[in-house]
Amino acid sequence: MRAWLQTGFGGPEVRRLTEVAAPAPADGEVTVRMLAVALNRLDVLQRREPVIPGMTVPHVAGMDLIGEVVAAGAADDLLGAVVLIDPVVSCGRCELCLAETPTYCEAFQTIGSTRDGGMAELVTVPARNCTVVDVATDDSDSLARLAAVPVAGATAWRGLLGAGGLRAGETVVIPGAGSGLGAAGIQIALAHAADVIALVSGPAKKTRAEQSGARLVIDRTATDDWVAEVLGATDGRGADLVWDHVGGRFLGQALRATRAGGRVVLSGTTDGLDTELHLPDLYQRGRSIIGHGSYSRADMAAAVAAFGTGHFEVVIDSVWGFEQLPEAEARLESDAFFGKIVVLGPSFSTSTAPERKDAA
Ligand SMILES: [Zn+2]
């Protein structure tokens, strides 16, 4: 079978379409024919350098995927089903798994990060990670939208509603509103009757984000103090919650943008692993910084269910053919996108792949 195999760390040239042995499912696993894979920032970060402990090369990236079960190690009731994959693999039996914190499990692995993922014709996954969905194997539009649900949906669900405890009527600040994650967060916050202030970088993304339903969209490239704008928009009080899924220097700013007693949830570090805080901003105002922690299967199931009932709509930037993966990845790296970037499986030839939609 063909896979987009990463053989080193660096630029796009380290990931090449390569003929490799087809994977065979072990006991409790199934082999899935990939129908669509949605890209995530981690796909690029891990191509450049080994940022996640336990990730090794050669490697097949792709955490968000949907496919058809074509072989089964034991449970053959999934054969022929179209399944959405939860990328979090854990033992399912230990105390931490039973407490719904699977990413703390000793056996924790991530499909597309510390084990092979969806940028291939075939991928082997645990049967217990599969959710059967009702979609035809040739419905590229639905497949692309579904593939983009798991990582962004479950992360936003966990960050905003689980760790963040967002309640109806609260004001929440969501950065990166043009990213798949930020766009998912806005949808989920609005569906829970929150008042959303969105942050974007650049006028094109601001125009798009203004259609999202957020009360206010702040272009961080057009202001030298977005925190002051949040304070101005909340009568000087500050937001109840800032959902920081970027990390780095942003965390200290996020803290100052919250009200006294307000919360910041840290759900990611794409802008940097280290930060500096002005400590009085934390203790004198009684604010909290909350770690995102492990998302649960319930977070994933809730996000998928919300998508199915129309409470959560995935924003798609563009859809690409299997052999166009390098172009899709270049678009992600360009930062000139809005929403999720999706690559279809090889059963959709490039010529039948939907036209990509421009972000502008
Ligand atoms: Zn476990």
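Just so it is clear, the model here is predicted, and its values are computed rather than measured.
For His245 against Gly182, the heavy-atom pair with the smallest separation is NE2-CA, 4.0 Å. For Pro102 against Cys97, the heavy-atom pair with the smallest separation is CA-SG, 4.4 Å. Heavy-atom minimum distance, Gly73 versus Asp27: O-OD1, 4.2 Å. Nearest heavy-atom pair, Ala148 versus Ala38, reported as atom, atom and distance to 0.1 Å: CA-CB, 3.7 Å. For the pair Gly238 and Thr234, the tightest heavy-atom approach, listed with the atom from each and the gap, is N-OG1, 2.9 Å. Across all non-hydrogen atoms, the minimal contact from Arg158 to Asp299 is CD-OD2, 3.2 Å.
A centroid separation of less than 6.0 Å is found between the aromatic rings of Trp157 and His192.
Under the 3.5 Å distance criterion, the side-chain polar atoms of Lys205 are left unmatched by any main-chain donor or acceptor of Ala336. Put simply, the side chain of Asp64 gets close to the backbone of Val151: a donor and an acceptor are under 3.5 Å apart. When atom types are taken as modelled, the side chain of Asp281 and the backbone of Leu255 share no donor-acceptor pair closer than 3.5 angstrom. With hydrogens and angles disregarded, a donor-acceptor distance shorter than 3.5 Å links the side chain of Thr275 to the backbone of Gly248. Looking only at distances, a side-chain donor or acceptor of Arg215 sits under 3.5 Å from a matching main-chain atom of Ala233. Side-chain atoms of Glu100 come within 3.5 Å of backbone N or O of Arg297 as a donor-acceptor pair.
For the residue pair Thr124 / Thr31, a side-chain donor-acceptor distance below 3.5 Å is found, with atom types taken as modelled. When only modelled atom types and interatomic distance are considered, Trp320 and Ser318 share a side-chain donor-acceptor pair under 3.5 Å. When only modelled atom types and interatomic distance are considered, Asp225 and Thr223 share no side-chain donor-acceptor pair under 3.5 Å.
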Could you walk me through whether Ser294 and Thr101 pass side-chain hydrogen bond (donor to acceptor under 3.5 Å, both in side chains), step by step? CA-CA 5 Å; Ser294 176; Thr101 52; 5.2 Å; no

Just do the salt bridge (Lys or Arg N to Asp or Glu O under 4.0 Å) check on Arg263 and Asp240 with the steps written out, would you? CA-CA 6 Å; Arg263 294 107 62 203; Asp240 298 291; 5.2 Å; no

Are Arg41 and Asp335 close enough, and set up right, to give a salt bridge (Lys or Arg N to Asp or Glu O under 4.0 Å), and what steps lead you there? CA-CA 10 Å; Arg41 180 68 66 182; Asp335 214 32; 3.5 Å; yes

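For Arg249, the CZ atom is loosely surrounded, since the number of other residues' heavy atoms within 6.0 Å does not exceed 12. For Glu276, the CD atom is loosely surrounded, since the number of other residues' heavy atoms within 6.0 Å does not exceed 12. No more than 12 heavy atoms of other residues, nucleotides or ligands lie within 6.0 Å of CD in Glu106, so this atom counts as exposed by the packing criterion.
Taking a cutoff of 4.0 Å between a charged side-chain nitrogen and a carboxylate oxygen, Glu333 and Arg48 qualify as a salt bridge. For Glu19 and Arg2, the salt-bridge test fails: no basic side-chain N is under 4.0 Å from an acidic carboxylate O. A salt bridge between Glu229 and Arg220 is absent, with no side-chain N of the basic residue lying under 4.0 Å from a carboxylate O of the acidic one. Glu313 and Lys340 are not joined by a salt bridge, as no carboxylate oxygen comes within less than 4.0 angstrom of a charged side-chain nitrogen. A salt bridge links Lys206 to Glu210: at least one charged side-chain nitrogen sits closer than 4.0 Å to a carboxylate oxygen.
Here Asp317 contributes atom CG and Arg208 contributes atom CZ; the two are 7.0 Å apart, rounded to the nearest 0.5 Å. Between Glu329 atom CD and Leu39 atom CG the span is 7.0 Å, to the nearest 0.5 Å. Residue Asp274 holds its CG atom at 11.5 Å from CG of Leu251, rounded to the nearest 0.5 Å. Taking CZ of Arg237 as the start and OG1 of Thr258 as the end, the distance is 10.0 Å to the nearest 0.5 Å. Here Asp141 contributes atom CG and Ile316 contributes atom CD1; the two are 8.0 Å apart, rounded to the nearest 0.5 Å. Rounding to the nearest 0.5 angstrom, the gap separating the CD atom in Gln187 from the CG atom in Leu160 is 12.0 Å.
Among Val319, Val133, Ile66, the single residue meeting the side-chain contact (heavy atoms from CB on, under 4.5 Å) criterion with Leu143 is Ile66.
Ring-plane geometry between Phe322 and Trp4 is classed as perpendicular, the angle between the planes exceeding 60 degrees on a 0 to 90 degree scale with a lower cut at 30.
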